[in-house]
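Here's the structure we're looking at; comments come further down.
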Protein chains: 2
Amino acid sequence: MRRIADQIGYTATAIYHHFADKDALLNELCLNDFRALGEALRQMEQLPDPIDRIRAMGVNYIKFAVNHPEQFRFMFLVERPIPGPDVITIDPAEDGYAFLLANVHEAMERGAFLPAFTDAELLAQIFWGSVHGLAVIHVTKPRDGIHPWLDLREPGESAEAMVDVVCRGVLKSTSA
Amino acid sequence: MRRIADQIGYTATAIYHHFADKDALLNELCLNDFRALGEALRQMEQLPDPIDRIRAMGVNYIKFAVNHPEQFRFMFLVERPIPGPDVITIDPAEDGYAFLLANVHEAMERGAFLPAFTDAELLAQIFWGSVHGLAVIHVTKPRDGIHPWLDLREPGESAEAMVDVVCRGVLKSTSA
DNA sequence: TCAGATAACCTAACGTCGTTAAGTAACGTG
DNA sequence: CACGTTACTTAACGACGTTAGGTTATCTGA
């Protein structure tokens with residue numbers, strides 16, 4: 001708070017006339033980042049095939065994390081009290097997960113997935129979870145001083161590989 | 001520090017005779033948790049097939065995270081200064097990642113993977129990343145107050161599904 | 001056996017942090 | 001021009017990690 005205040009040329013207490021407390025401020029910044037990520041993923045809307053969109057989203061999700069590690073950590077990894085329901089102002093229309101889920105539904109209607117996969121939400125969570133894991137690993141890299149023998153692959157390389165693997169695992173026909 | 005000291009019936013300053021500072025103490029606790037996770041994963045050693053071991057490790061990794069969310073967050077998600085090289089005392093023999101990597105190597109020698117996969121390290125990171133993502137999602141669940149429409153599947157269900165998907169994506173023959 | 005070192009622990013205090021209380025200056029509205 | 005609201009200030013509180021300095025117990029060696 002005091003450091004933010006210094007940087008913007010005010011006193012720390014001035015912030016409290018605009019935000020209830022530190023968490024409220026951080027949540028606002030966090031929502032901003034969520035919108036940025038959502039927008040980045042929504043760029044894939046132009047691709048005609050829903051599976052291609054999902055693939056591209058996966059790769060770009062990791063790219064976002066690697067390019068904005070502070071924001072990514074901030075969004076997903078920093079513990080903060082759950083904001084009150086009134087604070088949840090993020091619009092599903094600009095949410096990344098909602099977009100992913102819509103694409104899974106679309107691909108499912110086209111019969112792209114193996115017959116075993118009928119739960120779109122579960123599929124979406126598998127897609128998200130797989131790239132989320134890689135993203136988190138890359139964004140918390142320094143911690144792996146604990147695993148000095150971990151020879152981490154390039155984010156781009158592992159992202160492509162992960163997306164390929166998961167797609168081959170869920171798709172009826174493996175085009176790629 | 002003060003709260004820990006209270007709980008163990010000492011003054012806060014007493015701790016500084018046993019640990020250099022807060023980070024040193026936390027790193028020690030963290031190493032403890034890493035050993036616990038490593039041991040949990042190493043239990044799979046009894047399974048004869050390396051692929052079965054990898055599958056079971058994936059499911060148990062998520063189980064560990066869900067059963068010990070505090071520890072898991074602590075190990076992977078809490079930002080802390082990188083410990084000095086002298087502090088890295090974790091033995092590869094009791095490390096989970098090293099065990100995973102060894103199993104990937106073993107399965108690769110048996111020709112279990114599709115010919116495209118020749119990089120054992122990359123494969124290990126795909127296995128780890130996929131379940132790590134789900135684990136992180138489940139362990140940071142409260143934060144998804146931001147995604148109120150996210151209908152999170154049961155950890156066990158999504159863990160099994162993830163492991164199946166990734167295995168189908170990398171294995172030559174899909175036995176399961 | 002006893003001096004001296006070492007270890008384990010204490011109290012007091014410092015600086016930093018998030019936050020609150022109380023006050024002041026500027027501004028828009030009747 | 002009075003008046004409430006807004007934007008901001010200084011001063012201070014309590015909690016935190018940490019340090020300095022002192023006290024007591026325990027162990028070691030001549």
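In the text below, chain A, chain B and the rest are named by the order of the sequence lines, each starting its count at 1. Only heavy atoms go into these numbers, but all of them, side chains included; no hydrogens, no water, no symmetry mates.
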A/Phe64: which residues meet the ring-ring contact (aromatic ring centres under 6.0 Å, His included) condition with it, sequence neighbours left out?
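A/Phe64: ring-ring contact (aromatic ring centres under 6.0 Å, His included) contacts with A/His68.
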
At under 4.0 Å between heavy atoms, what does B/Ala14 touch on the DNA or RNA strands: base, sugar-phosphate, or nothing?
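Sugar-phosphate: the residue B/Ala14, judged by heavy atoms under 4.0 Å, touches backbone atoms but no base.
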
Determine whether more than 12 heavy atoms belonging to other residues, nucleotides or ligands lie under 6.0 Å from atom CD of A/Glu121.
yes

Under a 4.0 Å heavy-atom criterion, DNA chain C is touched by chain B from C/dC9 to C/dA13

I'd like a table of atom pairs between the protein and nucleotides 12-22 of chain D - only N or O on both sides, under 3.5 Å - with the distance next to each one.
| unit_1 | atom_1 | unit_2 | atom_2 | d |
| --- | --- | --- | --- | --- |
| D/dA12 | N6 | A/Arg2 | NH2 | 3.4 |
| D/dC16 | OP1 | B/Arg3 | NE | 3.3 |
| D/dC16 | OP1 | B/Arg3 | NH2 | 2.9 |
| D/dG17 | OP1 | B/Met1 | N | 3.3 |
| D/dG17 | OP1 | B/Lys22 | NZ | 3.2 |
| D/dG17 | OP2 | B/Met1 | N | 2.9 |
| D/dG17 | N7 | B/Arg2 | NH1 | 2.3 |
| D/dG17 | O6 | B/Arg2 | NH1 | 2.9 |
| D/dG17 | O6 | B/Arg2 | NH2 | 3.2 |
| D/dT18 | OP2 | B/Tyr16 | OH | 2.8 |
| D/dT18 | OP2 | B/Lys22 | N | 2.8 |
| D/dT18 | O5' | B/Tyr16 | OH | 3.3 |

Can you check whether [X] reaches [Y] side chain to side chain, under 4.5 Å on heavy atoms?
X	Y	value
B/Leu25	B/Ile4	yes
B/Val136	A/Leu77	yes
B/Met44	B/Asn103	no

What pairs with A/Glu70 under salt bridge (charged side-chain N to carboxylate O under 4.0 Å, His left out), at least two apart in sequence or on another chain?
A/Arg73

Using ring centroids (six-membered ring only for Trp), state whether B/Tyr97 and B/Phe34 fall under 6.0 Å.
no

What class does the angle between the rings of B/Phe72 and B/Tyr61 fall in, given that below 30° is parallel, 30 to 60° is tilted and above 60° is perpendicular?
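Rings of B/Phe72 and B/Tyr61: perpendicular, over 60°.
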
Ring geometry between B/Phe127 and B/Phe113 (parallel below 30°, tilted from 30 to 60°, perpendicular above 60°)
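Aromatic pair B/Phe113/B/Phe127 classed tilted.
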
What's the angle between the local helix axes at either end of the helix from C/dT1-D/dA30 to C/dG30-D/dC1, using five pairs per end and rounding to 10 degrees?
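Answer rounded to 10°: the end axes differ by 10°.
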
Which residues share a side chain to side chain donor-acceptor pair (under 3.5 Å) with A/Asp119, sequence neighbours left out:
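Scan of A/Asp119 (side chain to side chain donor-acceptor pair (under 3.5 Å), adjacent residues dropped) gives B/Arg153.
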
Would you say A/Thr11 reaches D/dC8's phosphate, i.e. side-chain N/O to OP1/OP2 under 4.0 Å?
no

